[in-house]
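The structure under discussion appears below in the form of structure tokens.
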Amino acid sequence: MSNLPLEVSRRRTFAIISHPDAGKTTLTEKLLLYAGAIQIAGSVKARKASRHATSDWMEIEKQRGISVASSVMQMEYRDCVINLLDTPGHADFSEDTYRVLTAVDAALMVIDAAKGVEAQTLRLLEVCRARQTPIITFMNKMDREVRPPLELLDEIESILKLTAAPFSWPIGMGKEFGGVADLRSNQVRLFKAGEDRRTDDEEIIEGLDNPILAERFGSAFEQARSEMDLIGSASPEFDRADFLAGQQTPVFFGSAINNFGVREILDAIIDLAPPPGPKPAIQRVVEPTEEKFTGVVFKIQANMDPAHRDRIAFVRVASGRFTREMKLVVSRTGKALRAGSAVSFLSQRRDLLDEAFAGDILGIPNRGALQLGDTLTEGEELQFTGLPFFAPEQFQEVEVRDPLRFKQLRTGLQQLGEEGAIQVFRPYHAGPLLLGAAGALQFEVVAHRLQHEYKAEARMTPSKYKMARWITSDVPGEVDRFITGNANRVAYDVVDAPAVLVERPYELKAIADLWPKIKLHTLREHAGLVFHSNLAQAG
């Protein structure tokens, strides 16, 4: 029998977040490389090459060199089990990223040192802050001409409102980048251009006051030395309590493409990131070391294996020990579920799973029994909270070009809607299906996937609707009365939650005035329609 507290203490589950093109996917590859999970890193820039990033498995990702779906990878390092979740950097796919962030215990924030804090970084940081997620920061691309490191620290503090605690400091930048000083071990690791394979021949100089450093790097080291003296007196000491509360971030400098600084990030994840903690449910708080298994579905992905048209539900284990063939119950429906084919992940590669513990991510083949936000238990009635669905900001009508492929279109949209890739709305009155998205690129990806995964070529046209709000009421029968009175602009989403669609913002105020017993929501949390009241506003 496994030692449950020990197994939980060995887990580290974190997500990598960044603005697009900050180097997140490259760093993901190099973390896998240095943990020994892969032997050669994929080239994320050579889009037509035979190798692609391990975490970018979807065909459109390989063609365009972008990440549009979250990937899950498990690896072992220093006797710990690391569950790494690579998220889409593009803002149009931020909803997938938000849901992934509900399944992790820490985040690794990657910042392009040439650009500093960017818009998507700020949005993702706000999500982490709302959940008090601990954040480790990696300043990437130091081998290029970048912003002054003191300026980058100031941005973290002034824009992200995080206290920065440097763990390393760069010597030079661009062509003069000489390496980084480890401020805790009092040594300097010299920079060497890396490659797509792991190397262990690092050159280290002991002592930050070693005269060899000034001889070797001249003015670049003198400037770094004065900056280190300044932060030594001006920057606060690392405070673990502040870090765990999401108020302070340890900062590292490096170059992911050159494998430089990757090992330090891996060590920081083990040494600093917390193991799985308690998870709140509506009924109670669940402790990770409880004997009984509980888990929550935070992601559903269709067609990871196009040859088998599969759907996988990604489950974050919240407590207990999962074993193959154990009988689980879906809290929403009360139905039993056997998970004999549960798998662990290395992106698209899957291995049958014999056991899993709190913090682990397991994949359960799903034929519609599971939805995003579902809670799995051994029988206890429990519903975890916090999995968000945001009201779409753009709409398009969708029809199939070949009427004989209508069934494939409906199947594809149902499955893509269930996985959260797009929001699908079925008008109360007959008419074309409506697709709702956060950004235009989502429509492009869905059209591509419908054609290539479901053989249904879609025709999409802009909709007159610009906003949607889910509707509820505390008064019995009020929602039915509202739907009857507004049938021409009511639609149901993929879990049959009713929503009202409007063309202009002032219509929402008119609805609120005419129907005071109806609540309008910008956020739906799960199939049971639990809403955040502070986000449930008419405007």
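Residues take their numbers from the sequence shown, with the count starting at 1.
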(message) If you apply the rule side chain to side chain contact (heavy atoms under 4.5 Å, CB included), what do you find for Leu433 with Leu413, and how did you get there?
(response) CA-CA 9 Å; Leu433 292 173; Leu413 289 178; 3.6 Å; yes

[X] side chain to [Y] main-chain N or O, any donor-acceptor pair under 3.5 Å?
{"X": "Glu393", "Y": "Lys466", "value": "no"}
{"X": "Thr121", "Y": "Val117", "value": "no"}
{"X": "Asn366", "Y": "Ala369", "value": "yes"}
{"X": "Gln383", "Y": "Gly373", "value": "yes"}
{"X": "Asn486", "Y": "Ile483", "value": "no"}
{"X": "Asp360", "Y": "Phe357", "value": "yes"}
{"X": "Arg459", "Y": "Val398", "value": "no"}
{"X": "Gln423", "Y": "Phe390", "value": "yes"}
{"X": "Arg469", "Y": "Leu520", "value": "no"}

Any side-chain heavy-atom pair from [X] and [Y] closer than 4.5 angstrom?
{"X": "Met109", "Y": "Ile136", "answer": "no"}
{"X": "Leu85", "Y": "Ile16", "answer": "no"}
{"X": "Ile269", "Y": "Phe14", "answer": "yes"}
{"X": "Val446", "Y": "Met460", "answer": "yes"}
{"X": "Val286", "Y": "Leu382", "answer": "yes"}
{"X": "Val315", "Y": "Phe298", "answer": "no"}
{"X": "Val72", "Y": "Phe314", "answer": "yes"}
{"X": "Lys161", "Y": "Arg129", "answer": "yes"}

Any Lys/Arg nitrogen of [X] or [Y] sitting under 4.0 Å from an Asp/Glu carboxylate oxygen of the other?
{"X": "Glu380", "Y": "Lys292", "result": "no"}
{"X": "Lys279", "Y": "Asp105", "result": "no"}
{"X": "Arg284", "Y": "Glu290", "result": "yes"}
{"X": "Glu457", "Y": "Arg401", "result": "yes"}

Quick one: closest heavy-atom pair of [X] and [Y], and the distance?
{"X": "Val8", "Y": "Ala358", "answer": "CG2-CB, 4.0 Å"}
{"X": "Ala342", "Y": "Leu362", "answer": "CB-CD1, 4.4 Å"}
{"X": "Ala15", "Y": "Leu101", "answer": "CB-CD2, 3.9 Å"}
{"X": "Ala499", "Y": "Phe425", "answer": "CB-CE2, 3.9 Å"}
{"X": "Leu160", "Y": "Leu125", "answer": "O-CD1, 3.6 Å"}
{"X": "Ser331", "Y": "Thr377", "answer": "OG-CG2, 3.8 Å"}

Working to the nearest 0.5 angstrom, can you tell me the gap between [X] [atom1] and [Y] [atom2]?
{"X": "Leu441", "Y": "His448", "atom1": "CG", "atom2": "NE2", "value": "11.5 Å"}
{"X": "Ser344", "Y": "Ile361", "atom1": "OG", "atom2": "CD1", "value": "11.5 Å"}
{"X": "Leu84", "Y": "Gln74", "atom1": "CG", "atom2": "CD", "value": "11.0 Å"}
{"X": "Ile518", "Y": "Ile511", "atom1": "CD1", "atom2": "CD1", "value": "9.5 Å"}
{"X": "Gln247", "Y": "Leu162", "atom1": "CD", "atom2": "CG", "value": "9.0 Å"}
{"X": "Glu155", "Y": "Lys115", "atom1": "CD", "atom2": "NZ", "value": "13.0 Å"}

(request) Determine, stepwise, if the pair Phe384 / Arg316 fulfils side chain to side chain contact (heavy atoms under 4.5 Å, CB included). (result) CA-CA 11 Å; Phe384 289 116; Arg316 154 74 192 237; over 6 Å; no

(message) Taking ring pair (Phe, Tyr, Trp, His ring centres under 6.0 Å) as the cut-off, I'd like each qualifying pair that reaches into residues 118-138, sequence neighbours left out, listed once.
(response)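 Listed once each, the pairs would be none.
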
(message) Side chains of Asn140 and Asp112 only: does a donor on one sit below 3.5 Å from an acceptor on the other?
(response)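 Note: Asn140 and Asp112 side chains miss the donor-acceptor criterion.
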
(message) Testing the 3.5 Å rule here: is there a donor-acceptor pair between the side chains of Ser319 and Thr294?
(response) yes

(request) On the 0 to 90° scale, with breaks at 30° and 60°, tag the Tyr492-Tyr428 ring pair as parallel, tilted or perpendicular. (result) tilted

(message) More than 12 heavy atoms of other residues, nucleotides or ligands under 6.0 Å from CD of Glu378: yes or no?
(response)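 Yes, enclosed.
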
(request) Starting from the C-alpha separation in whole Å, work towards a yes-or-no answer on side chain to side chain contact (heavy atoms under 4.5 Å, CB included) for Thr375 and Arg332. (result) CA-CA 7 Å; Thr375 298; Arg332 174 177 53 85; over 6 Å; no

(request) May I have all residue pairs that pass salt bridge (charged side-chain N to carboxylate O under 4.0 Å, His left out) and include part of residues 472-499, sequence neighbours excluded? (result)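 Output for this query lists Arg426-Asp496, Asp474-Lys519, Glu478-Arg481, Arg489-Glu507, Asp493-Arg524.
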
(request) Report the C-alpha distance between Leu353 and Arg324 in whole Å, list the side-chain angles of each, state the deciding distance to 0.1 Å, and finish with yes or no for side chain to side chain contact (heavy atoms under 4.5 Å, CB included). (result) CA-CA 7 Å; Leu353 191 65; Arg324 196 158 14 131; 6.0 Å; no

